[in-house]
Structure formats: C-alpha cells, structure tokens
Amino acid sequence: MVVPFNAYEIRNNVMEHRTCKKTTVIQGKTKEVLQWADLPFEELELKDTIEIDLQNNDDMLCLQVSSSVRALVLSIKKDSTNVFQLVSSDETDKIIAQLKKYLSKKAGGEEIEYKVVNRKLIAMSGWYEPFSPDVREKRSRDENSGNFIWQFGATRLINPYTVKFESPATKLPVSALVVASANALYLPTEDKVYQIRKNHINSLTSIVRSIDQPTIVLGIGIQAKFGDIEDTKGIKLHEHQVTFMNEIAMRSTGKSVSVRGDFTETACVNAGVKNCISLGCPSLTISRAPDLGQVLETKWNNVVAKLASEHTLKVGIALPALKDSTDMYSKIVDMLLLVCKSHDCYFIAQAPNDKPQLLKHAKGKVDREKILHFREGVESWFKFIRSLDFVVSTRIHGGMAGIANDIPTIIVPTDFRILELVNAMKLPHISFEDATNRDYESLFDLITAAKKDFKEFERKRRNHLKEYKRILESAGLEMDPALLDIILN
C-alpha cells in the first residue's frame with residue numbers, strides 16, 4: 001500500500017517539513033511516462049491512516065513516480081482491526097525486487113529504471129525556512145520582502161522529500177552547500193554599499209571553505225544603476241568576487257553558478273571566471289504549470305478583451321525601488337497612477353519606505369488601505385496575487401510574484417539588475433526610457449506597448465529548468481519531481 005503526502009504540511013500554524021530516509025525513483029527508460037496505475041499498490045488516503053505520524057517518523061521508505069511521492073505502508077491485522085505501519089528504509093531492496101518481478105511480466109517491463117536516493121543533510125544560505133511564529137517574526141525584520149521570492153524559488157527547486165536543510169552555521173556534517181543569493185556582486189566602488197557587499201561575499205567565501213563540500217550557487221548577480229556602468233561589454237568582477245567564484249569551482253563541476261543574466265555572466269568571463277551561466281532568477285521555477293507561457297498568453301489575451309469592453313480590473317502595482325526626491329520616481333509613479341484611474345489598484349510595497357513615499361507623492365489619490373506590504377513571507381503574498389487580473393511591476397520580484405502565480409505581468413526595469421533578469425527570462429516588459437518619456441495613460445496603452453514573446457519565454461523556461469537540474473545533480477541533489485515532470489513532458 002502507498003499513502004500520498006505533502007513534504008510541507010501546516011499543523012497548528014507551523015509548517016512542517018517531512019522527508020523520506022530513502023526514496024526509490026521509478027521511471028521508464030523511454031519517453032513513455034510511468035504512472036501509479038502501472039504499479040501493484042493500493043492507494044490509501046491520510047485520513048485512513050490517522051495513526052501514522054509522518055512528521056516524527058525518520059525512517060520512511062518512499063516511492064517517486066512521475067511528479068508525486070508516496071510513502072509505503074503495511075496493513076497489519078490487530079485485534080480484528082487493520083493497523084497501518086510505515087515501511088522502513090531497510091526494506092528497500094526487497095521492495096525493488098518485488099517491483100521488478102511484477103513489472104517484468106508486463107510488456108516493456110525491462111525498460112524500467114530504479115534509482116535509490118538516500119536522504120541528504122545539506123546546508124543552505126538563503127534557505128526559505130518553513131514558517132512558524134519565530135520565522136515570521138524574523139522575516140518581518142527584513143528590509144526587502146522581495147528577498148522572500150528568490151529564497152522560496154531556490155529552496156523549492158530541490159526535491160523536498162530527499163533532503164533536510166540546515167543553516168550554514170550548523171555543526172552537523174552536511175553533504176552539500178547551496179548558496180542562494182541575489183544582487184550580492186556590487187560593482188561600483190565609490191560608496192559605502194561596496195564595502196558592505198564585499199564583506200558579505202568574503203563571509204560567503206569563508207562559509208564555502210569551512211563546509212568544504214560540493215557547492216552550487218543559485219541566482220547571484222550584479223547590482224548597479226543605469227548610470228553606474230558605461231561599457232556593459234567591458235565589466236568584470238572584482239578580485240574578492242573572483243576568489244569566491246574560484247572557491248566554488250574547486251568544489252563543483254561544470255558551470256555550477258547560476259547568475260541573474262548576461263551582464264553578470266560577462267563580468268565573470270572578463271575576470272577569467274568560467275563557472276557562471278545566465279539563468280535569471282530561481283523564482284522562474286516556482287510555477288508548476290506544464291506550459292506557463294501558454295497560460296500567461298491566454299490570460300493576457302483575456303485581459304485585452306476585457307479592456308476592450310471597458311471592464312474594471314483588479315490590478316497589482318509593485319512600487320519602485322527609487323527615492324521620491326528623484327525625477328525618475330515622479331515620472332514612474334505618475335504613470336502608474338494614470339494606469340489606475342479606471343481600475344481597482346493595489347500597491348505592493350517591498351521596503352519600509354515605499355508606503356510613506358507613495359502617500360506623500362500621491363497627495364490623497366491613493367487609499368492607504370490599498371497599499372500592502374507582505375512582511376512575513378510569500379504565503380499571504382501569493383494568495384493575494386492569485387486574486388488579481390494583472391500585475392505591473394517596477395521591481396523584479398514584485399513582477400515574479402505575478403509570474404510565479406500564473407498572473408500576466410509587465411515589468412518596467414529601473415536598473416541594470418532588473419534589466420538583465422528581464423532579458424534572461426524573456427519577461428514581458430516596457431523599457432525604462434519608454435516608461436518615463438512616452439505618454440502611457442491607461443493599462444491598455446501599457447499592454448499594447450509591451451514587448452513580449454510567450455513561446456520564447458516558455459522555451460527559455462524549459463531550458464533553464466534543464467540547467468538547474470544539471471547544477472543540482474552536480475552537487476548530488478535531486479530536482480523537485482513536479483519540475484522534472486515539466487522537463488520530461
């Protein structure tokens with residue numbers, strides 16, 4: 001018997017992470033996908049096995065078929081009633097032998113592969129911890145809630161049934177180190193931010209050396225304003241950044257550092273660093289839609305049809321990371337306010353100063369109750385986003401919150417880091433120059449002017465998933481099975 005269960009489950013306002021000590025991955029050698037119906041197991045529901053404590057059982061044996069994982073269960077007769085008991089990992093070889101015998105009798109049974117994945121303990125910098133009151137309180141102190149988006153994407157890339165996570169400060173022996181990061185590679189040297197970022201990179205370098213296990217990096221990139229870089233072809237990493245990359249290279253194979261875009265990859269290459277690959281942000285992998293490009297295109301077209309019929313839409317506006325004293329802020333926000341004149345708009349803040357800046361600039365044009373700041377994690381943020389018809393974002397992660405939840409989105413890049421991410425992932429966008437110099441007076445104007453190619457977006461997405469799979473496997477890690485399904489199909 002098998003029982004399906006979620007790796008992440010909420011109980012008593014705490015999200016628990018449940019894992020398998022051993023997971024047997026069963027798949028066909030050909031393109032034909034194996035299904036649970038092909039296997040000799042009766043499926044139970046968790047309500048039928050209420051006596052089983054999945055959370056506190058550390059010795060589960062699980063099977064992974066296609067995009068789902070299920071625990072193996074025995075039914076034992078006790079005092080005229082059935083008692084369910086989880087099968088221990090010691091039974092792995094016995095179960096595989098029984099499966100081989102059963103499947104060999106079926107046509108094509110010899111074309112089945114069996115891979116046993118032993119659970120690993122890994123350290124992760126940038127880990128999106130399962131929520132609890134303490135975790136939520138800690139997140140509420142983050143000065144940029146956009147960090148939650150890339151952390152969530154990077155963490156949920158990894159097959160949760162096959163790993164346990166620890167912070168890099170752990171004293172426990174770990175099998176691998178995953179460094180999830182964002183705009184940590186600061187290039188301008190003239191301000192105090194440079195030294196702060198340098199100290200951060202040096203700290204990461206020390207962690208890599210201390211843990212000294214297979215190491216990969218997910219989502220790191222340069223941080224620079226449009227005026228900071230004159231020659232994008234000649235940019236290169238600083239010496240301390242090169243040292244960090246070289247420490248990764250010593251503990252990995254191939255291109256094991258996924259960077260946010262072509263600007264960052266160019267900076268790596270120009271500095272002699274060869275292990276960087278442009279993949280955009282890990283948040284691109286959050287949606288489990290089999291064809292996200294098609295989903296977004298269909299919803300986009302539906303929005304256009306509604307606008308043609310003068311429907312009022314519910315729109316999310318992700319506020320810019322610009323100071324209100326600048327001309328750029330005024331132009332961008334004035335344009336966004338015009339877009340909202342005919343629609344039900346909600347303004348999404350990601351930093352503490354976003355709300356007071358908007359209220360000061362808007363001078364009574366915005367309902368303060370419609371300025372939202374999701375400070376405790378992605379869960380409430382994503383729930384709200386799914387209620388929207390459309391998103392317009394001047395921040396990358398405000399936009400990725402829409403994309404990740406299958407909501408059509410336009411992004412306006414306001415600096416180099418956003419621009420390279422938009423280009424790397426082929427996201428619908430309007431250039432900053434156009435947004436600040438052209439007269440867009442409605443959502444329809446923005447949608448008509450946006451550069452978009454949903455087929456190219458989906459092609460990039462699938463290619464990026466394949467590269468993420470390769471990077472994870474280089475550190476001995478498995479990709480989430482739902483994402484594997486997208487690649488295989």
Side-chain angles (χ1 to χ4, degrees), residues 225-226 296-350 353-372 384-385 387-403 407-415 418-419 421-423 426-454 457:
K225 300 172 185 175
F226 283 133
L296 292 173
E297 184 172 22
T298 299
K299 290 187 176 183
W300 183 289
N301 291 337
N302 289 341
V303 166
V304 172
K306 289 179 180 179
L307 290 173
S309 302
E310 299 185 351
H311 276 63
T312 297
L313 302 180
K314 187 176 180 181
V315 180
I317 304 290
L319 294 167
L322 299 169
K323 293 183 178 179
D324 62 352
S325 58
T326 64
D327 184 51
M328 291 187 298
Y329 181 88
S330 296
K331 287 183 176 180
I332 286 288
V333 173
D334 286 344
M335 182 268 290
L336 295 173
L337 292 174
L338 279 174
V339 167
C340 287
K341 284 182 69 175
S342 301
H343 300 288
D344 183 20
C345 283
Y346 291 79
F347 297 86
I348 299 170
Q350 289 180 210
N353 204 39
D354 287 354
K355 182 173 182 176
Q357 278 197 165
L358 178 62
L359 289 171
K360 177 183 175 183
H361 181 85
K363 298 177 180 177
K365 296 178 184 177
V366 173
D367 180 353
R368 64 172 53 244
E369 298 302 317
K370 290 190 174 182
I371 306 175
L372 310 176
F384 174 76
I385 287 290
S387 74
L388 300 175
D389 295 303
F390 205 86
V391 172
V392 180
S393 180
T394 52
R395 272 185 165 103
I396 187 61
H397 294 114
M400 292 311 296
I403 298 292
I407 303 299
T409 299
I410 290 175
I411 296 175
V412 181
T414 57
D415 59 26
I418 301 175
L419 181 61
L421 283 158
V422 163
N423 290 338
K426 298 300 178 186
L427 304 175
H429 67 282
I430 290 174
S431 72
F432 182 72
E433 182 179 4
D434 285 350
T436 53
N437 292 308
R438 296 194 177 187
D439 295 327
Y440 298 125
E441 297 185 355
S442 68
L443 182 58
F444 185 81
D445 288 346
L446 282 182
I447 289 178
T448 302
K451 296 177 182 177
K452 63 188 184 303
D453 186 337
F454 292 106
F457 164 85

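Annotation: the span from L358 atom CG to L319 atom CG amounts to 5.5 Å, rounded to 0.5 Å. To the nearest 0.5 Å, the span separating OG on S393 from CG on L336 amounts to 9.5 Å. A distance of 11.5 Å separates NZ of K452 from NE2 of H429, quoted to the nearest 0.5 Å. Taking CG of D367 as the start and SG of C345 as the end, the distance is 12.0 Å to the nearest 0.5 Å. Here the CZ-NZ distance, from F457 to K426, works out to 12.5 Å after rounding to the nearest 0.5 Å. The structure places NZ of K225 at 9.0 Å from CG of D415, a figure rounded to the nearest 0.5 Å.
Using a 4.5 Å heavy-atom cutoff, the side chains of D324 and K360 are in contact. In this structure, R368 and L359 have side chains that are in contact, with non-hydrogen atoms separated by less than 4.5 Å. Contact annotation: the side chain of I403 approaches that of L296 to within less than 4.5 Å [non-hydrogen atoms, C-beta and beyond]. Using a 4.5 Å heavy-atom threshold, the side chains of V366 and L337 count as touching. Counting heavy atoms from C-beta outward, L307 and I447 have side chains that approach closer than 4.5 Å. Between F347 and L372 there is no side-chain heavy-atom pair separated by less than 4.5 Å. In this structure the side chain of T436 reaches within 4.5 angstrom of the side chain of F432, judged on heavy atoms. Annotation: side chain of D389 is in contact with side chain of K306 (closest heavy-atom distance under 4.5 Å).
Considering every non-hydrogen atom in both T414 and F226, the closest pair reads C-CE1, 3.4 Å. Nearest heavy atoms, I396 versus L427: CD1-CD1, 4.0 Å. Heavy atoms only, all atoms of each residue included: W300 and P428 are closest at CZ3-CB, 3.8 Å. Between V303 and P408, the shortest heavy-atom contact is CG2-CG, 4.3 Å. Considering every non-hydrogen atom in both T394 and I418, the closest pair reads O-CD1, 3.6 Å. The two residues V315 and H343 make their nearest non-hydrogen contact at CG2-CB, 4.1 Å.
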K331 and D334: side chain to side chain contact (heavy atoms under 4.5 Å, CB included), yes or no, with the steps? CA-CA 5 Å; K331 287 183 176 180; D334 286 344; 6.0 Å; no
Hey, mind stepping through L446 and V392 against side chain to side chain contact (heavy atoms under 4.5 Å, CB included) and telling me if it holds? CA-CA 9 Å; L446 282 182; V392 180; 4.2 Å; yes
Given the rule in the side chain to side chain contact (heavy atoms under 4.5 Å, CB included) test, do T312 and S342 qualify, once you have shown the distances and angles that lead to the verdict? CA-CA 6 Å; T312 297; S342 301; over 6 Å; no
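Side-chain atoms of Q350 come within 3.5 Å of backbone N or O of G398 as a donor-acceptor pair. Of the possible polar contacts, none joining the D434 side chain to the I430 backbone as a donor-acceptor pair under 3.5 Å is found. Under a 3.5 Å cut-off, the side chain of N301 and the backbone N or O of V304 do not form any donor-acceptor pair. For T409 (side chain) and F390 (main-chain N/O), no donor-acceptor pair under 3.5 Å exists by modelled atom type.
For K365, the NZ atom counts as loosely surrounded, since its 6.0 Å shell holds 12 or fewer non-hydrogen atoms of other residues, nucleotides or ligands. Residue F444 places its CZ atom among 12 or fewer non-hydrogen atoms of other residues, nucleotides or ligands, all under 6.0 Å distant.
Checked against ring pair (Phe, Tyr, Trp, His ring centres under 6.0 Å), H361 has the following partners two or more places apart in sequence or in another chain: Y329.
The cationic group of K370 lies under 6.0 Å from the six-membered ring centre of Y346 and within 45° of the ring axis, placing it in a cation-pi geometry.
Between D354 and R395, at least one side-chain nitrogen of the basic residue sits less than 4.0 Å from a carboxylate oxygen of the acidic one, meeting the salt-bridge criterion.
With 3.5 Å as the limit, one finds no donor-acceptor pair spanning the side chains of E433 and N437.
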